[in-house]
Protein chains: 2
Amino acid sequence: MTTRDKLLSATADALRCDGFGGLSARTIAARANVNQALVFYHFGTMSEMVQAATRKSVDESVAYYRDRFAEVQSLSELLAVGRGLHDRERGTGNVALMAQVMAGAQQDLALATAAADAMKAWSEEIERTVARVLAGTAMADLIDTAGFAQAICAAFIGLELFEGVDPAGGAAALDALETLGSLLGIVEGLGPVASRTLRAKLQRSGR
Amino acid sequence: MTTRDKLLSATADALRCDGFGGLSARTIAARANVNQALVFYHFGTMSEMVQAATRKSVDESVAYYRDRFAEVQSLSELLAVGRGLHDRERGTGNVALMAQVMAGAQQDLALATAAADAMKAWSEEIERTVARVLAGTAMADLIDTAGFAQAICAAFIGLELFEGVDPAGGAAALDALETLGSLLGIVEGLGPVASRTLRAKLQRSGR
DNA sequence: GTCTATACACCGATAGAC
DNA sequence: GTCTATCGGTGTATAGAC
């Protein structure tokens, strides 16, 4: 393992465990058992190191889920994968990392592009799945799949932060979303007559 | 305006504009045109000052919306209020403040209780509205209103962060959620026959 | 309550030997 | 590439005069 890689994974670990506060070249170098000056030799600035670490972490976890998403055949299956993903990522801390980077990115232009790229990577993967699953159902032409996928990603980030300060509340919120998802799954499975009625009502209501 | 109040609103402003990074007793005192040492005289620690500022800011903005929520009579009206709230709070920066505090709270126990309280204040207000609006509809006994309200709050936080790094994406996500909300609004307005069918399907699907 | 002054730790970043 | 040493700046927090 090269020094560069040691620094990258130490950065990711630090973000997962200690968040953005307390993140410094010194603490990361210590975590990686590496000299502090090497941070700047390899990455130039702290911000660029965090950027690189985020990219790496996101690419890896998106790739991990690509196959799982590919097997999903319905909205309820997607929901189940989402729940599994959430449980797993709580352990790995990847969502927590994303949340920290997004929060830090609000004031840091370089980080903002990294955060936007990360969200794009996740949401494109989810959009592919959503579009495939909804193809031919009543919801296909009612919903903007890209926006829907982005909303799912954003909600995950928010849920992760919420769970961090109120675990019970976070769990309740997730359960409620799951029920809501099941509801949509039923709409998705409605027959042609019912879905025509639904579409008519939706258009009448203004969208 | 007392020194204490000047410090509180300067803290809130700093969180809204510059986020958690760059937050310090010095910068806040400068913003409030107050001596730096007074931060510690009035609040003891930085963390406690941030806590107090968060409480104040949240209490004020929840109170501001209480009347609006009280007038809501349907899910689609709630959705409209939510959209208006979102647009307004983007300007005031209150949601951004919440997001920053939640991110910082992941590693700070004192801040975590403040963040949890803030979320509670918002979600209880929303829950009251949701419960009232859904009373007597098909969805009333299908959904846990408390969890639903918490999910809405969490999603708002996530959307705010997302919008900060990708404004177009954030807008698309919000639009998609609005469409989804309209869909639910229609489910809400289904006749007794259709809703009985829905309930049966939902129970069969495992919830 | 408010001020100055200051202690002490840590920060990002760089220079220069090896 | 890696190390030591260090610069200048900023952080929280406190002591003590007014």
Measuring from A/E160:CD to A/M98:CE, what's the distance to the nearest 0.5 Å?
10.5 Å
Check whether A/Y64 forms a cation-pi arrangement with A/R88 (NZ or CZ under 6.0 Å from the six-membered ring centre, at most 45° off the ring normal).
yes
Using heavy-atom distances to pick each residue's nearest nucleotide on DNA chain C, tell me which of B/Y41 and A/A37 is more 5'.
B/Y41
Test item: B/T11 side-chain N/O and B/L7 main-chain N/O as donor-acceptor pair under 3.5 Å
yes
Separation of atom NE2 in A/H42 from atom P in C/dA13, rounded to whole Å
16 Å
Flag side-chain contact, heavy atom, 4.5 Å: B/S123 against B/I152:
no
OP1 or OP2 of D/dT10 versus the side-chain N and O atoms of B/R26: is any pair under 4.0 Å?
no
Let me know the distance between CG of A/L23 and C1' of D/dG11, rounded to the nearest Å.
16 Å
If the plane angle is over 60° it's perpendicular, under 30° parallel, otherwise tilted; pick one for A/H86 and A/F156.
perpendicular
Can you tell me the distance, in whole Å, between the CG atom of B/N33 and the P atom of C/dT2?
13 Å
Once you round it to whole Å, what is the distance between P of C/dA13 and CD1 of A/I28?
12 Å
Return no unless some side-chain N or O of B/S24 is found under 4.0 Å from OP1 or OP2 of D/dG11.
yes
Closest nucleotide among C/dG12, D/dG11, D/dT2 to the A/A25 side chain:
C/dG12
To the nearest angstrom, the CD-P distance between B/E48 and D/dT12 comes to 14 Å
Rounded to the nearest Å, what distance is computed from the CD atom of residue B/Q36 to the P atom of nucleotide D/dT10?
13 Å
Please state how far atom CG in B/L38 lies from atom C1' in D/dA17, giving the value in whole angstrom units.
15 Å
Which nucleotide wins on minimum distance to the side chain of B/T27, given the candidates D/dG11, C/dT2, C/dA13?
D/dG11
Listed nucleotide nearest any side-chain atom of B/F40, set D/dT12, C/dA13, C/dT2:
D/dT12
Does A/T3 place a side-chain N or O at less than 4.0 Å from the phosphate oxygens OP1/OP2 of D/dT2?
yes
Rounded to whole Å, how long is the line connecting atom CZ of A/F20 with atom C1' of C/dG12?
14 Å
Between C/dT2, D/dT12, C/dT4, which nucleotide gets closest to the side-chain atoms of B/N35?
C/dT4
